[in-house]
Protein chains: 2
Amino acid sequence: MSVGGATMDERVPRDFETLRATILDRRASLPKRIAQIAAYALDNPDDIAFGTAASIAASAGVQPSTLIRFAQQLGFDGFTSLQQVFRERLRERNSSYDERLAALRAKAEEGRGHRAIFDGFVAAASTSLGDISRSLNDAHFEEAVALLAKAETIYVLAKRRSYPVASYIAYALGKLKIRNQLVESAAGLNAEMIGFATPRDAVIAISFSPYAPATIEETRSIAEQGVPIVAITDSSFSPLAQFAKVWFEVAEADFGGFRSISATMALAMALTVAVGEKRREAGRRRKG
Amino acid sequence: MSVGGATMDERVPRDFETLRATILDRRASLPKRIAQIAAYALDNPDDIAFGTAASIAASAGVQPSTLIRFAQQLGFDGFTSLQQVFRERLRERNSSYDERLAALRAKAEEGRGHRAIFDGFVAAASTSLGDISRSLNDAHFEEAVALLAKAETIYVLAKRRSYPVASYIAYALGKLKIRNQLVESAAGLNAEMIGFATPRDAVIAISFSPYAPATIEETRSIAEQGVPIVAITDSSFSPLAQFAKVWFEVAEADFGGFRSISATMALAMALTVAVGEKRREAGRRRKG
DNA sequence: GTCAATATGAAATATTAATTCCAATCTACA
DNA sequence: TGTAGATTGGAATTAATATTTCATATTGAC
């Protein structure tokens with residue numbers, strides 16, 4: 001018997017990587033539903049490993065029979081043998097997170113080559129996340145959230161290396177429908193923009209050593225207008241700290257002279273979402 | 001009804017660690033065959049997760065019914081629900097094996113309050129970093145670095161959620177004195193900007209589901225000009241993949257509907273610095 | 001050593017899940 | 001627009017797997 005023109009003695013992928021490559025190779029020529037389950041399989045390999053044909057099919061939005069056809073097109077004789085590959089993949093992962101991290105660090109130090117650079121950044125990011133999760137002060141966090149949640153407009157202030165964080169905050173606040181203003185300097189109108197801020201607003205200012213003079217200057221100026229400031233910075237001696245109502249000290253590990261920004265990002269996301277949450281709570285309370 | 005003197009309303013272990021403790025606690029009082037399967041279970045947890053009652057019983061040298069009695073003595077209503085605990089463990093450990101991380105996640109789930117949000121984002125970031133460090137393909141990485149290193153100008157293309165990553169890449173490339181152009185649309189001149197790119201340049205395009213149509217369109221257009229593209233995206237079926245010479249699939253964990261971008265950031269930083277490194281090497285070779 | 005209680009093995013049964021089949025629906029091409 | 005071939009959905013069928021049952025064996029108390 002032949003399936004889809006392919007004889008049964010063709011090579012059946014035995015390991016996950018081969019299987020993955022095979023799927024990607026054929027994806028253009030797959031029919032719609034088969035492609036749908038193919039995409040689901042590669043995006044949710046764990047679900048394939050643990051689920052039943054029926055449950056997987058339902059999650060992927062197809063019929064169980066489609067799942068079996070998919071397996072057969074790949075040369076397996078049914079869903080069950082396809083599933084074996086996904087299970088095998090899970091069994092092979094056995095090293096602990098700490099061991100992996102240690103290995104990464106070792107590789108990054110000893111090893112040349114570009115993979116080592118990647119490993120170095122992953123290790124730096126992991127370290128920074130570990131540090132911040134230990135050191136973050138709950139009370140400060142609550143205070144910052146409270147302060148930002150009651151602001152009419154949240155101004156977000158950052159330059160250079162911190163700017164990506166600021167742009168992410170602005171994006172996330174926007175998605176949460178919280179009024180905000182990213183202070184960036186394309187037209188040199190920052191001073192005017194800042195001039196609009198009132199004590200009923202609030203500021204998130206982010207700056208790391210060497211502190212961008214413009215950020216400091218703008219923060220000072222907005223502080224003098226009585227606008228409360230939440231600062232994210234990297235030292236208690238940071239010039240931002242003196243202007244801020246609440247400030248966070250984030251120690252980012254570096255690799256090859258480039259500092260991670262993962263911890264800052266995580267803090268920024270958490271602040272943003274927590275502010276959204278707090279506003280929802282407040283909204284409910286007013287209505288109820 | 002009571003089983004082995006234990007009432008049914010007693011606490012059934014839901015996670016592997018509790019289960020393990022329970023087994024060790026009772027092992028002295030277990031009958032011979034039950035003890036045998038108990039020992040087997042703790043020694044070969046992966047087999048329990050994936051096997052069938054019959055296959056596990058055979059490996060452990062007992063009858064299937066013994067396996068079920070074992071499960072029932074622990075308070076489960078059958079082998080199937082006992083197996084869930086072993087599967088859950090594998091799933092957890094797969095995304096992150098680390099106990100600290102597991103603890104974080106537990107806190108983030110159980111606990112309300114804003115600290116839980118922060119813990120959730122840290123956990124999501126750590127998970128994503130673990131995933132990418134396992135899944136990144138060295139050859140792809142080298143290829144991307146080579147491709148970008150020989151570009152005259154590197155165009156960086158991203159919108160919305162991916163924009164912070166792009167802005168970071170642009171900043172870092174600038175610090176490394178590598179000519180680059182961030183394609184952003186303040187003045188709606190993206191098409192013109194893209195028009196300047198030639199096959200001697202290169203592009204880093206970043207987009208995640210739901211893919212910003214503008215990013216896709218611009219990527220297509222620049223690909224048609226013969227400019228080689230390195231894509232960072234989240235699924236093998238991403239529309240970006242078809243235009244790219246090299247592409248990376250980054251699976252970011254999410255928390256509360258907001259996806260992490262830590263893994264993407266780490267990859268972006270590594271790519272950038274590796275390109276800088278490669279250029280330095282090439283420069284030395286030309287001089288020496 | 002005998003009895004009662006408990007534990008075990010093996011087969012029967014019930015349950016669940018995989019697979020197949022067929023009719024309905026699309027799609028490509030004339 | 002009509003038609004053959006491919007694709008799909010959904011129910012029917014078959015296979016597998018978990019669970020129950022019951023007869024037998026083992027253990028421990030008296």
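As the structure is a computational prediction, the values presented were derived from the model and not from experiment. We name chains A, B, ... by the order of the sequence lines, and we start the count at 1 in each one. Basis for what follows: all heavy atoms, side chains included, without hydrogens, waters or symmetry-related copies.
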>> One pair to check against side-chain hydrogen bond (donor to acceptor under 3.5 Å, both in side chains): B:Asp131 and B:Ser135. What are the steps and the verdict?
In response: CA-CA 6 Å; B:Asp131 284 350; B:Ser135 67; over 6 Å; no
> How would you list all residue pairs meeting ring-ring contact (aromatic ring centres under 6.0 Å, His included) that involve residues 17-65 of chain A, not counting sequence neighbours?
Replying inline: A:Phe50-B:Phe50
>> Between A:Gln83 and A:Gly51 (side chain of the first, backbone of the second, donor and acceptor by atom type, cut-off under 3.5 Å), is there such a pair?
In response: yes
>> Run the side chain to side chain contact (heavy atoms under 4.5 Å, CB included) test against B:Val156 and tell me which residues pass, sequence neighbours left out.
In response: B:Ile154, B:Ala166, B:Ile169, B:Leu173, B:Leu182
> Judged by atom type as modelled, is there a donor-acceptor pair below 3.5 Å linking the side chain of B:Ser221 to the main-chain atoms of B:Glu217?
Replying inline: no
>> By the 4.0 Å heavy-atom rule, please label B:Ile34 as base, sugar-phosphate, or nothing.
In response: sugar-phosphate
> Rounded to whole angstrom units, what separation is found between the CD atom of B:Gln73 and the C1' atom of C:dT6?
Replying inline: 11 Å
>> Applying ring pair (Phe, Tyr, Trp, His ring centres under 6.0 Å), can you list everything that pairs with B:Phe16, at least two apart in sequence or on another chain?
In response: B:Phe86
>> I'd like the 5' and 3' limits of the part of DNA chain D contacted by chain A, with heavy-atom contacts below 4.0 Å.
In response: D:dT7 to D:dG10
> Does the distance from a Lys or Arg side-chain N to an Asp or Glu carboxylate O, for A:Asp25 and A:Arg20, drop under 4.0 Å?
Replying inline: no
> How does protein contact run along nucleotides 10-20 of chain C, one letter per nucleotide 5' to 3', with B for base contact, S for sugar-phosphate only, - for none, heavy atoms under 4.0 Å?
Replying inline: B------SSBB
> Can you check the B:Phe70 CZ to C:dT8 P distance for me, whole Å?
Replying inline: 13 Å
>> According to side-chain hydrogen bond (donor to acceptor under 3.5 Å, both in side chains), who are the partners of B:Ser238, at least two apart in sequence or on a separate chain?
In response: B:Thr233
